[in-house]
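Below is one structure, written out as structure tokens; the observations come after it.
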There are 2 protein chains.
Amino acid sequence: MSSELTSIRSGSLSAQAFGVIKDAIFTGQIQPGEAIRELHLARSLRVSQATVREALAQLESAGLIVRQANRRTTVTSFTREEVRDRLELRMLLEERAAVLAAARASREDLAELGKLAGGIAEAIAAGDHYEHVQADIRFHRFIWALAGSAILCQTLDHLTTPLFAFLAVIHQASQRQLGTTRPHERIVKAMRGRDEAKIRAEVRAHIEGSYAEFLTSPAETVRAFVEGRIDVS
Amino acid sequence: MSSELTSIRSGSLSAQAFGVIKDAIFTGQIQPGEAIRELHLARSLRVSQATVREALAQLESAGLIVRQANRRTTVTSFTREEVRDRLELRMLLEERAAVLAAARASREDLAELGKLAGGIAEAIAAGDHYEHVQADIRFHRFIWALAGSAILCQTLDHLTTPLFAFLAVIHQASQRQLGTTRPHERIVKAMRGRDEAKIRAEVRAHIEGSYAEFLTSPAETVRAFVEGRIDVS
DNA sequence: ATATTATCGATTATCGATAATTGTGGCATA
DNA sequence: TATGCCACAATTATCGATAATCGATAATAT
């Protein structure tokens, strides 16, 4: 019956390494564009290079890092145009997901979704930047899962995970208060109403808001990560 | 100056291994659902297990194989529902890509696209199944690239690559003649006309046609790969 | 007979060490 | 001064070997 006493928080070494590095990226301990050295990481995590490489392969698959063969590995960074393109595509998919989810969601699902939206507001109120981002991800992931298409969920995950990480660091560095329009609550409300046009409009507004927040970030903060990103060597 | 005499067809060992295994999957030498053993592969490719694992990590990232931790690695197989969901999502993205591409394509681009469509017809006429699939992929990839959004291109690639591989094997096994409606030429023609509604309609028709071809594949062929895929253990 | 545990072969995960690659700075040369 | 070449340090890629894990089967107990 109740198994997994020790293993709840362990998993394979490479999976643990994956988690540690992922958190380091989301918190900005390793910043966008910064290099990751395999042997250094291996020493600091007390594992072998092979284990680190396995973790790096997964991180690359998640889009959180970029590996250049025989050269180096860096944390993913985006130009303004890349952020724009990703958000545009995200809008297309997220609209569909929200509409499908609204059609399939039970009353309990919507209640749970409301709780998740509340969790975001709480994290913001508490000033917990890391928890804010994680709660935001959980909220959206829940909608994606409700949509009932595994591939849609997976695609949105791949599309947005590196973006969440990047924007989290940008915004953390710029120390601004975000999400004051409570767009998540608005989306939940629209889904409750099951009005497709309204749902689409709220989703669009939310993502357009994200883009606006990004664009109005202090220019010097963004530039620090974005500029010189294209390797001219 | 002209370097890369030997290296043109080489690259790293893991990249070569990746290519070999990928081809084996596309040709059906390793069939959907079939297991891949790391040490066996390593011996047959004359490389170490680490190199094979690196290649497998990339193949998993491409969606061509599925790795179950501590258990085994199998070639990706899809249920009918998974094929349907993937094609539905593909339709959404492919429509957008084709519309964007048509708006940005030069006369030369469209000529090149016409050539690629012709290449597909040639491969079909020659009865070269493998080349048919590769030409098909090149055709679509060209459109995606024309769309001008790297992330859209990448997302479509991730979405469709495993699907192309799976359907190629299914259709190869069922020995049927496909693509007789020349849908690719129709798409090119619509793009030449730059009529958005027409482009969308042709793209939809093409993908719906793919799905219909899949659905009407000999049931026993599909069942061989699809059934019992869900691990009940 | 059924359920639980022990054991074994096969396979994956991890390790430590070595080989290959890349960028850099010094040095020679024009 | 500018340019090409070479050794060196740093890093990634690959190797061979060992450890850990899993599934199946055999053994045991109820």
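In the text below, chain A, chain B and the rest are named by the order of the sequence lines, each starting its count at 1.
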Can you see if the side chain of B:R72 gets near the phosphate of C:dT12 - specifically, an N or O under 4.0 Å from OP1 or OP2?
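Indeed not, no polar side-chain atom of B:R72 lies that close.
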On the nucleotide D:dA13, are OP1 or OP2 found under 4.0 Å from the side-chain N or O atoms that B:S14 carries?
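Answer is no, no contact under 4.0 Å.
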Rounded to whole angstrom units, what separation is found between the [atom1] atom of [X] and the [atom2] atom of [N]?
X	N	atom1	atom2	value
A:E38	C:dT21	CD	P	16 Å
A:Q68	D:dT11	CD	P	15 Å
B:I65	C:dT12	CD1	C1'	13 Å
B:L39	C:dA13	CG	P	11 Å
A:N70	C:dT21	CG	C1'	5 Å
A:I36	D:dT11	CD1	P	13 Å
A:L13	C:dG16	CG	C1'	15 Å
A:H40	D:dA10	NE2	P	9 Å

Charged N to carboxylate O below 4.0 Å: is that the case for B:R67 and A:E54?
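Yes, this pair counts.
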Answer yes when B:E131 and B:R138 have at least one side-chain N-carboxylate O distance shorter than 4.0 Å, and no when they do not.
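So B:E131 pairs with B:R138 through a salt bridge.
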Result of checking A:R43, A:R72, A:R53 against A:E38 for side-chain hydrogen bond (donor to acceptor under 3.5 Å, both in side chains)
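Passing option: A:R53.
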Which nucleotide wins on minimum distance to the side chain of B:R71, given the candidates D:dC22, D:dG23, D:dA13?
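Closest of the options to the side chain of B:R71: D:dG23.
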DNA chain D contacts among residues 41-57 of chain B, heavy-atom distance under 4.0 Å:
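Those residues whose heavy atoms fall under 4.0 Å from DNA chain D, taken from residues 41-57 of chain B in numerical order, are B:V47, B:S48, B:Q49, B:A50, B:T51.
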Are the side chains of B:D85 and A:L152 in touch, meaning some heavy atoms are under 4.5 Å apart?
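With C-beta onward as the side chain, the pair stays apart.
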So, A:W144 versus A:E94: side-chain donor-acceptor pair below 3.5 Å or not?
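Yes, a side-chain donor-acceptor pair sits under 3.5 Å.
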Would B:H171 and B:H132 count as a close aromatic pair, with their ring centres under 6.0 Å?
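When the ring centroids of B:H171 and B:H132 are compared, they turn out to be at least 6.0 Å apart.
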Would a distance-only check, ignoring hydrogens and angles, find a side-chain to backbone donor-acceptor pair under 3.5 Å from B:T160 to B:L156?
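Pair found, side chain donor or acceptor close to backbone of B:L156.
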